[in-house]
Amino acid sequence: MSRRVPLRELAHARAGDKGNTSNVSVWLREPAHFESVRRQLTPERLRAEFPALLRGSIRVFPVPHLAGLNFVMEEALEGGVNGSLGLDGHGKSWSFLILGLEVEV
Amino acid sequence: LLYEVHDPGRYLTPDVTADFSRVEIAAEAPDRIAVSGAAGGPRPDQLKVTLACDGGFLAEGGISYAGPGALARAELARDILRERLGPAPRLDLIGVDSIHGTAGLRTAAEPYEARLRAALRTATREEAELMLWEVEALLCCGPAGGCGYRGAITPSVVTYSTTIDRAAVEPTVTVLVA
């Protein structure tokens, strides 16, 4: 019987920025969850969840042997650290944007 | 491991194209890990460049509301600023929608307090001051119980990223002491 849980229950994450590009690396605590989460957390899913924020291309680089997924999201920081008028121009909290998504386990 | 890294197999540095994709991490002992497997390829022909340009002035001001109806009063204050200042300023409610608001996520429950934050980048200090006057004026001419106004104007720098041929760069170091 599967259930839906916030990704935060299964993973931790770290956000970084380069200009207006955000990268969020997501690391599953249990390697057993990696393939399932990888299938559910696609670039298409991210774009569909946050279309007003994630405006550019989205790529994902898997690191299977460490149960990690690195999401690289262009035009995703409302201008970036020196361009955004928002408080979080680095997108440091984008890690929890991703960790708030629900996945089936 | 992947902080500010895009393709883990191809991270550009001036000296090497680093490959973190096969890094292994093993627990060796309590509070001790072994990291191995980092690799690299030839240094890139292009160097990364950050261009810094004058970004004018950044004005930021805020005013808070607390107690019964705090959110509604803060939202009314935001509507007032929007009507008087037009579309240019970013207007956030801290504690409600200031961080992930663009993504469509905001506080679901009624908060006890909310802070309206206005931010604007301008070419002139006068335009920046005008916005702060509008925020401060909410203390007397806005929704009831507005408090804690703060405002600041800071010169701002905006940056752009690009690359340049390594051959076009001649490294020199200049130290400026104020």
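Heavy atoms only: backbone and side chains are in, while hydrogens, waters and symmetry mates are out.
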Checklist entry - For chain B, which of L97(A), D88(A), V63(A) has the most heavy-atom pairs under 4.5 Å? => result L97(A)
Checklist entry - So what's closer than 4.5 Å to chain B heavy atoms on W94(A): side chain, backbone, both or neither? => result both
Next on the checklist: Need one label for L2(B): side chain, backbone, both or neither, based on atoms under 4.5 Å from any heavy atom in chain A.
Outcome noted: both
Checklist entry - Checking Q40(A) side chain against E104(A) main chain: does a donor-acceptor pair fall under 3.5 Å? => result yes
Next on the checklist: With a sphere of 6.0 Å drawn around CZ of R106(B), does it hold more than 12 non-hydrogen atoms of other residues, nucleotides or ligands?
Outcome noted: yes
Next on the checklist: For chain A, which candidate among L120(B), L1(B), V23(B), D92(B) shows the most heavy-atom pairs at distances under 4.5 Å?
Outcome noted: V23(B)
Checklist entry - Non-hydrogen atoms of chain A under 4.5 Å away: do they reach the side chain of S156(B), the backbone, both or neither? => result neither
Next on the checklist: Looking at every heavy atom in both G95(B) and S98(B), which two are closest together, and how far apart are they?
Outcome noted: N-OG, 4.3 Å
Checklist outcome for this item: In terms of heavy-atom pairs under 4.5 Å with chain B, the winner among R59(A), E49(A), R14(A) is R14(A)
Checklist entry - Between atom CZ of R55(A) and atom CZ of R47(A), what is the distance when rounded to the nearest 0.5 Å? => result 12.5 Å
Next on the checklist: Assess whether a salt bridge exists between E4(B) and K48(B), defined as any Lys/Arg side-chain N lying under 4.0 Å from an Asp/Glu carboxylate O.
Outcome noted: no
Checklist entry - How far apart are the closest heavy atoms of R121(B) and S84(A), and which atoms are they? => result NH2-O, 3.5 Å
Checklist outcome for this item: When the 4.5 angstrom heavy-atom criterion is applied to A118(B) and chain A, the contacting part is neither
Checklist entry - Heavy-atom distance under 4.5 Å to chain A: side chain of V157(B), backbone, both or neither? => result backbone
Checklist entry - Does K92(A) make a cation-pi contact with Y3(B) (under 6.0 Å, within 45 degrees of the axis)? => result no
Checklist entry - Any side-chain heavy atom of V72(A) sitting closer than 4.5 Å to one from V60(A)? => result no
Next on the checklist: Please classify the contact of N23(A) with chain B as side chain, backbone, both or neither, using a heavy-atom distance under 4.5 Å.
Outcome noted: side chain
Checklist entry - What part of L66(A) lies closer than 4.5 angstrom to a heavy atom of chain B: side chain, backbone, both or neither? => result side chain
Checklist entry - At a heavy-atom separation under 4.5 Å, does E78(A) approach chain B through its side chain, its backbone, both, or neither? => result side chain
Checklist outcome for this item: Residue from G68(A), G83(A), S22(A) scoring the most non-hydrogen pairs under 4.5 Å with chain B is G83(A)
